[in-house]
Amino acid sequence: MIPIEQILLFSGAFLCLAIFASKLAAYSGIPALLLFLGLGMLAGSDGFGGITFDYPAVVQAIGVVALVFILFSGGLDTQWEEIRPVIKRGISLATLGVLFTALSVAIFVHVCFGFSLYEGLLLGAIISSTDAAAVLTILRAKSVHLRGRLKPLLELESGSNDPMAVVLMLGMLMLIQNPDASIFSLVPFFITQLVLGAFLGVVMGQVMVKILNTVHLDYDGLYPVLTLSLVILIYSLTSLLSGNGFLAVYLAGLVMGNQKFVHQRSLLRFHDGLAWLMQIVMFLSLGLQVYPSRLVIVAPTGLIIGLFLIFVARPLSVFIALATSRVTFREKLFISWVGLRGAA
């Protein structure tokens, strides 16, 4: 058994390296999340660290917890006044955009690589959501300012399309595990997940604000602990009731972030720092899970699918989702390529 001191030493060292890597990312324009992933791969069994970490269930659990707090923080930082003019476009990108991206990838891998349609849809759903906020970080580092409503549109899409991708992925897994089931049997599942997730998210966001402004805790340090516990409760309760917990925590953060509550500034900073910690831990864990030597055999297929996603699937889905909007051709093209993949 590895001594706890050794585990803490490696954990602290890699967290420090990841933080310094984020500084490098700001100067170079490389997405910080990619550097976090690379650090994990270097530390893995095929890298210099030689750490064997082949525990998919543990990584999945880490990813779920991390994504919960990342989405909640994203909702907290989103200003309703900024996204209200683009709410229809953002929802269209987060739903139709994700769906058409998944469909495009599914058809491509079915025709070119022999995947079944359900397997293709699963693959498409997994890579259909974006992390546009990472690109906005790069733009800020390079002092590039987006005109008009592009910035709030990209922020809204990146915060709201993960739940749609997760719902689609779960639906495809259900169909693969039950081949006799009809694809139309997923319609009630989708509706329940999204409607219940949205309803509970909005309601629980109001409840969070009410609790924070009412309890009057004796110790200020307990307020972050209280919000942590409430976020966990919102996700778990919504999921147990067959709603989409990720959508619920994002909307709860959005509702809470656009109201006044006690210790607002300190809580916003706390959850921003927590979201960064969750991103570092999640991508380091994903990197440790990767065995680069095993990627060689699938690299050509993966790269071809990636190029198709960049140059065909993503632009096609954006142009379809924004077909009825007054977004210019150049803006649609820009949105198409501000589509870094996240961890969802």
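Since this is a predicted model, take the numbers as computed values, not measurements.
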Would you say [Y] ends up clustered with [X] if hydrophobic residues are merged whenever their side chains have heavy atoms under 4.5 Å apart, either directly or through other cluster members?
| X | Y | value |
| --- | --- | --- |
| Leu117 | Leu175 | no |
| Leu251 | Ile87 | yes |
| Phe261 | Val225 | no |
| Leu240 | Leu237 | no |
| Leu295 | Leu309 | yes |

Counting only heavy atoms from other residues, nucleotides and ligands, does the tally under 6.0 Å from [atom1] of [X] exceed 12?
| X | atom1 | result |
| --- | --- | --- |
| Gln60 | CD | no |
| Phe10 | CZ | no |
| Phe113 | CZ | yes |
| Phe199 | CZ | no |
| Leu8 | CG | yes |
| Tyr291 | OH | yes |

In the structure I gave you, are the side-chain heavy atoms of [X] and [Y] within less than 4.5 Å of one another anywhere?
| X | Y | answer |
| --- | --- | --- |
| Ile305 | Leu123 | yes |
| Leu254 | Ile83 | yes |
| Leu170 | Phe189 | yes |
| Leu121 | Leu168 | no |
| Arg330 | Phe334 | no |
| Leu286 | Met282 | yes |
| Ser104 | Phe308 | yes |
| Phe108 | Ile304 | yes |

Has [X] got a side-chain atom pairing as donor or acceptor with [Y]'s backbone, closer than 3.5 angstrom?
| X | Y | result |
| --- | --- | --- |
| Ser158 | Glu155 | yes |
| Ser160 | Leu156 | yes |
| Ser229 | Leu226 | yes |
| Ser128 | Ala125 | yes |
| Asn178 | Met174 | yes |

Check your understanding: Is any NZ, NE, NH1 or NH2 atom of the basic residue among Glu157 and Arg314 found under 4.0 Å from an Asp or Glu carboxylate oxygen of the other?
Key -> yes
Is the closest side-chain donor-acceptor distance between [X] and [Y] under 3.5 Å?
| X | Y | result |
| --- | --- | --- |
| Asp162 | Ser129 | yes |
| His110 | Ser116 | no |
| Thr238 | Asn244 | no |

So which atom in [X] and which in [Y] form the shortest heavy-atom distance, rounded to 0.1 Å?
| X | Y | answer |
| --- | --- | --- |
| Met208 | Val231 | CE-CG2, 4.3 Å |
| Thr192 | Ser242 | CG2-O, 3.5 Å |
| Asn258 | Thr78 | ND2-O, 3.0 Å |
| Leu241 | Leu196 | O-CD2, 2.9 Å |
| Phe100 | Ser317 | CB-CB, 3.8 Å |
| Val105 | Ala313 | CG2-CB, 4.1 Å |

Check your understanding: So which pairs with a foot in residues 202-222 pass salt bridge (Lys or Arg N to Asp or Glu O under 4.0 Å), sequence neighbours left out?
Key -> none
Practice item. Sort and list the pairs that fulfil salt bridge (Lys or Arg N to Asp or Glu O under 4.0 Å) and have at least one residue in residues 69-83, not counting sequence neighbours. Key: Glu81-Arg84
Exercise for review: Measure centre to centre between the rings of Tyr235 and Phe246, then say whether the value is under 6.0 Å.
Suggested key: yes
Exercise for review: For this output row, return yes or no: ring centroids of Phe72 and His271 closer than 6.0 angstrom.
Suggested key: yes
At what distance, to the nearest 0.5 angstrom, does [atom1] of [X] lie from [atom2] of [Y]?
| X | Y | atom1 | atom2 | result |
| --- | --- | --- | --- | --- |
| Leu71 | Leu76 | CG | CG | 11.5 Å |
| Ser92 | Leu153 | OG | CG | 9.5 Å |
| Leu122 | Met169 | CG | CE | 7.5 Å |
| Ile335 | Arg89 | CD1 | CZ | 8.5 Å |
| Leu42 | Leu288 | CG | CG | 10.0 Å |
| Leu247 | Ile234 | CG | CD1 | 12.0 Å |

Exercise for review: Begin from the C-alpha positions of Gln206 and Gln259 and carry the test side-chain hydrogen bond (donor to acceptor under 3.5 Å, both in side chains) through to its verdict.
Suggested key: CA-CA 9 Å; Gln206 298 283 0; Gln259 298 189 49; 2.9 Å; yes
Review point. What's the verdict on side chain to side chain contact (heavy atoms under 4.5 Å, CB included) for Ile232 and Phe69, showing C-alpha distance, side-chain angles and the deciding distance?
Key: CA-CA 9 Å; Ile232 294 171; Phe69 289 111; 3.8 Å; yes
Check your understanding: Which of parallel (below 30°), tilted (30 to 60°) and perpendicular (above 60°) describes Tyr223 and His263?
Key -> tilted
Check your understanding: Between Leu212 and Met256, does a side chain to side chain contact (heavy atoms under 4.5 Å, CB included) hold up when you go through it step by step?
Key -> CA-CA 10 Å; Leu212 286 171; Met256 181 177 167; 3.2 Å; yes
Show which side-chain atoms of residues 318-327 pair as donor or acceptor with protein atoms under 3.5 Å away, not counting sequence neighbours.
| unit_1 | atom_1 | unit_2 | atom_2 | d |
| --- | --- | --- | --- | --- |
| Ser325 | OG | Leu322 | O | 2.8 |

Check your understanding: Between Phe14 and Phe36, does a side chain to side chain contact (heavy atoms under 4.5 Å, CB included) hold up when you go through it step by step?
Key -> CA-CA 9 Å; Phe14 281 117; Phe36 301 158; over 6 Å; no
Exercise for review: For Leu15 and Ile280, run side chain to side chain contact (heavy atoms under 4.5 Å, CB included): C-alpha distance rounded to whole Å, both residues' side-chain angles, the deciding distance at 0.1 Å, then the answer.
Suggested key: CA-CA 7 Å; Leu15 284 174; Ile280 292 171; 3.6 Å; yes
